[in-house]
Amino acid sequence: MKLAPAIVSLAALVAAAPAVLAADPVKIGLVAEFSGPFAAYGKQIENGMKAYLKAHGDTVAGRKIEILERDTTGPAPEVAKRVAQDLVTNDKIDFLAGFGLSPNAFAVAAVATQAKTPMVIMNAASSMITTKSPYVVRFSMTLPQVTEPIALWAAKNGIKKVYSIVSDYAPGIDAEGAFEKAFTSHGGTVLGSVRVPLKNPDFAPFVQRAKDAKPEAVFIFVPAGEQSVAFVKAFAERGLREAGIKIIGPGDVVDDDVLESMGAPTLGIITTHHYSFAHESPENDAFRKAYAAVSGDGARPNFMAVGGYDGMAAIAETVQKLGGKLDADKAMEILKNYKSESPRGPIQIDPQTRDIVQTVYVRRVEQKNGHFYNVEFDKFPRVKDPVKEASATKEAAK
């Protein structure tokens with residue numbers, strides 16, 4: 001008679017087993033800009049992540065991937081930190097990801113450290129972000145990494161006098177310093193430089209100042225999107241092309257996402273960057289198709305989208321290698337040694353810096369069949385962040 005309750009309890013446990021054994025989802029807290037003037041950043045990153053899941057499936061090691069989107073509203077470090085804290089405290093996320101703008105990434109790095117949560121940077125490009133937490137790994141670029149090559153290319157191709165215009169925040173200052181150092185060390189002269197406000201700049205007076213200096217080229221870094229459109233418009237309206245002045249810089253100024261809308265004034269602009277929609281490879285063909293399937297609006301994927309795609313690929317590989325049993329420190333060991341053939345070309349993470357090593361391409365805007373593309377014609381393979389490279393070299397020499 002005493003056995004009956006035990007039998008009933010066992011039956012109840014068996015009935016409940018499927019619920020108990022069902023694996024919880026892997027939660028990714030996507031912190032990015034989804035509203036305001038930088039709203040395209042979050043959209044590109046998220047669609048890049050979704051493109052990877054579309055192509056490879058949204059279940060890894062028996063666990064479904066779940067993306068929890070949080071809007072920073074723009075360059076708003078306080079908002080970014082608050083939503084990240086909410087994600088790790090209340091939503092119990094496994095990974096932080098996204099970060100279109102560097103000020104937001106800087107603010108969240110401390111949260112990643114305190115919560116011991118891997119933080120996957122998919123765009124933010126200030127060199128020093130990865131030094132702010134041992135849990136940060138970057139799958140985008142640094143501004144010095146994609147800027148130094150255009151300085152070297154310009155110096156080797158007859159450009160001797162340049163005027164510099166950059167946005168007044170960490171990536172812009174990084175770009176300004178990297179360009180000037182590399183360009184002047186190879187015989188070039190920077191005739192003048194100006195830093196423009198990050199929010200709502202009027203480029204006309206700055207472009208006129210550059211024209212008055214009579215350079216052979218204007219070096220430009222502004223955040224991709226609305227600001228690059230505004231700069232190219234001012235450049236055209238002030239007649240710099242007619243004055244024989246070229247535009248050079250990292251690829252943000254001719255972002256694939258807005259290149260078509262900028263049109264003919266972009267023709268001939270030469271930039272260096274790590275991804276072009278026009279890059280020719282089987283991996284990029286597959287990426288473009290997957291992106292089109294999830295975006296639904298006909299927009300081109302840009303360098304932020306490929307950052308989202310590759311970052312998502314790295315997270316998926318980490319979950320797979322850990323057999324679905326996530327541990328932050330073990331996850332970081334896998335992420336620090338990640339290597340892949342990306343839609344942009346071969347990539348790997350430098351385990352010492354947790355920054356990406358990749359090919360940087362020299363591209364020219366060309367028109368083909370009525371459309372505008374960044375067409376690659378030269379490249380710098382296996383480029384590391386030159387800021388950290390210089391620091392490592394200096395330490396080794398001591």
Side-chain angles (χ1 to χ4, degrees), residues 25-35 38-71 93-95 97-100 120-123 139-141 224-225 251 254-261 273-320 338 340-347 356 358 361 363 368-376:
V26 174
K27 294 182 179 181
I28 302 172
L30 174 56
V31 180
E33 303 73 26
F34 290 100
S35 63
F38 299 98
Y41 289 25
K43 184 177 181 182
Q44 283 277 352
I45 291 170
E46 183 174 35
N47 283 342
M49 296 172 73
K50 289 181 176 178
Y52 178 84
L53 298 176
K54 177 72 175 178
H56 298 88
D58 63 358
T59 300
V60 181
R63 300 182 65 180
K64 190 175 179 64
I65 302 294
E66 182 179 343
I67 299 174
L68 306 180
E69 173 192 309
R70 296 292 185 272
D71 183 13
I93 57 164
D94 300 292
F95 295 89
F99 308 100
V120 180
I121 303 289
M122 296 171 170
N123 186 59
F139 283 86
S140 50
M141 79 248 181
V254 283
D255 171 26
D256 289 308
D257 192 19
V258 294
L259 186 58
E260 290 276 67
S261 66
H273 227 216
H274 57 292
Y275 176 73
S276 168
F277 175 80
H279 180 71
E280 295 182 0
S281 72
E283 292 80 11
N284 198 34
D285 287 343
F287 170 57
R288 289 182 298 213
K289 289 175 183 175
Y291 188 91
V294 300
S295 70
D297 59 6
R300 292 177 176 178
N302 68 1
F303 63 96
M304 299 177 209
V306 84
Y309 184 92
D310 287 331
M312 185 67 252
I315 290 172
E317 179 171 305
T318 300
V319 175
Q320 186 66 51
Y338 183 81
S340 178
E341 189 64 34
S342 159
R344 66 185 103 172
I347 63 170
I356 196 164
Q358 60 191 332
Y361 303 91
R363 311 100 49 83
K368 296 184 178 181
N369 300 318
H371 297 283
F372 297 87
Y373 301 97
N374 288 300
V375 178
E376 299 162 356

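Quick note: residue numbers are just sequence positions, from 1.
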**Item:** Polar contact flag, side-chain donor to acceptor under 3.5 angstrom, Y275-D256
**Value:** no
**Message:** Give me the atom names and distance for the closest heavy-atom approach of A293 to K54.
**Reply:** CB-CE, 4.0 Å
**Prompt:** So, does R63 use its side chain to make a donor-acceptor pair with the main chain of P25 at under 3.5 Å?
**Reply:** yes
**Asked** Hey, what do you get for CE (M312) to CD1 (I315), rounding to the nearest 0.5 Å?
**Response** 5.0 Å
**Asked** How close do G251 and H273 get, heavy atom to heavy atom, and via which atoms?
**Response** N-CD2, 3.2 Å
**Fill in**
Given the options Y52, F303, Y291, Y309 meets ring-ring contact (aromatic ring centres under 6.0 Å, His included) only with Y52
**Asked** Between F38 and Y41, what is the ring plane arrangement, given parallel below 30°, perpendicular above 60°, and tilted in between?
**Response** perpendicular
**Asked** Are I356 and H274 close enough, and set up right, to give a side chain to side chain contact (heavy atoms under 4.5 Å, CB included), and what steps lead you there?
**Response** CA-CA 11 Å; I356 196 164; H274 57 292; over 6 Å; no
**Asked** CD of E69 to CD1 of I45: how many Å apart, nearest 0.5 Å?
**Response** 11.0 Å
**Message:** If you define the side chain from C-beta out and look only at heavy atoms, does anything of I347 sit under 4.5 Å from Y338?
**Reply:** yes
**Fill in**
Here the pair of heavy atoms bringing A55 nearest to A290 is CB-CB, 4.2 Å
**Prompt:** So how far is it from I93 CD1 to E66 CD, rounded to the nearest 0.5 Å?
**Reply:** 11.0 Å
**Request:** Please confirm whether the backbone N or O of P301 pairs with a side-chain atom of Q44, one donor and one acceptor, at under 3.5 Å?
**Result:** no
**Request:** Answer yes or no: does atom NZ of K43 have more than 12 heavy-atom neighbours from other residues, nucleotides or ligands under 6.0 Å?
**Result:** no
**Fill in**
Taking every heavy atom of A299 against every heavy atom of D257, the minimum-distance pair comes out as CB-OD1, 4.1 Å
**Prompt:** Does a side-chain heavy-atom distance below 4.5 Å link I65 with M49?
**Reply:** no
**Complete:** dist F287:CZ -> H279:NE2 (nearest 0.5 Å) comes out at 11.5 Å
**Item:** D310 side chain near R344 side chain, heavy-atom distance below 4.5 Å
**Value:** yes
**Item:** Test item: E33 side-chain N/O and G100 main-chain N/O as donor-acceptor pair under 3.5 Å
**Value:** yes
**Request:** Of all the heavy-atom pairs spanning I28 and A97, show the shortest one and how long it is.
**Result:** CG2-CB, 3.7 Å
**Message:** Using every non-hydrogen atom in the two residues, find where V294 and A51 come nearest and quote the distance to one decimal.
**Reply:** CG2-N, 3.9 Å
**Item:** F95 vs V26 side-chain heavy atoms within contact, under 4.5 Å
**Value:** yes
**Residues K64, D58: salt bridge by 4.0 Å N-O rule** = yes
**Prompt:** Side chain of S140, backbone of G307: donor and acceptor closer than 3.5 Å?
**Reply:** no
**Fill in**
Distance col, row S281:OG vs E341:CD, nearest 0.5 angstrom, shows 7.0 Å
**Prompt:** Looking at V120, N123, V306, which hits side-chain contact (heavy atoms from CB on, under 4.5 Å) with F139?
**Reply:** V120
**Message:** Within 45 degrees of the ring normal and closer than 6.0 Å to the centroid, is that where the cationic atom of R300 sits relative to Y373?
**Reply:** yes
**Request:** Determine yes or no for a side-chain-to-main-chain donor-acceptor pair under 3.5 angstrom, with D255 supplying the side chain and A224 the backbone.
**Result:** no
**Prompt:** Do I67 and L53 pass the side chain to side chain contact (heavy atoms under 4.5 Å, CB included) test, and can you show the C-alpha distance, the side-chain angles, and the key distance before you say yes or no?
**Reply:** CA-CA 11 Å; I67 299 174; L53 298 176; 4.1 Å; yes
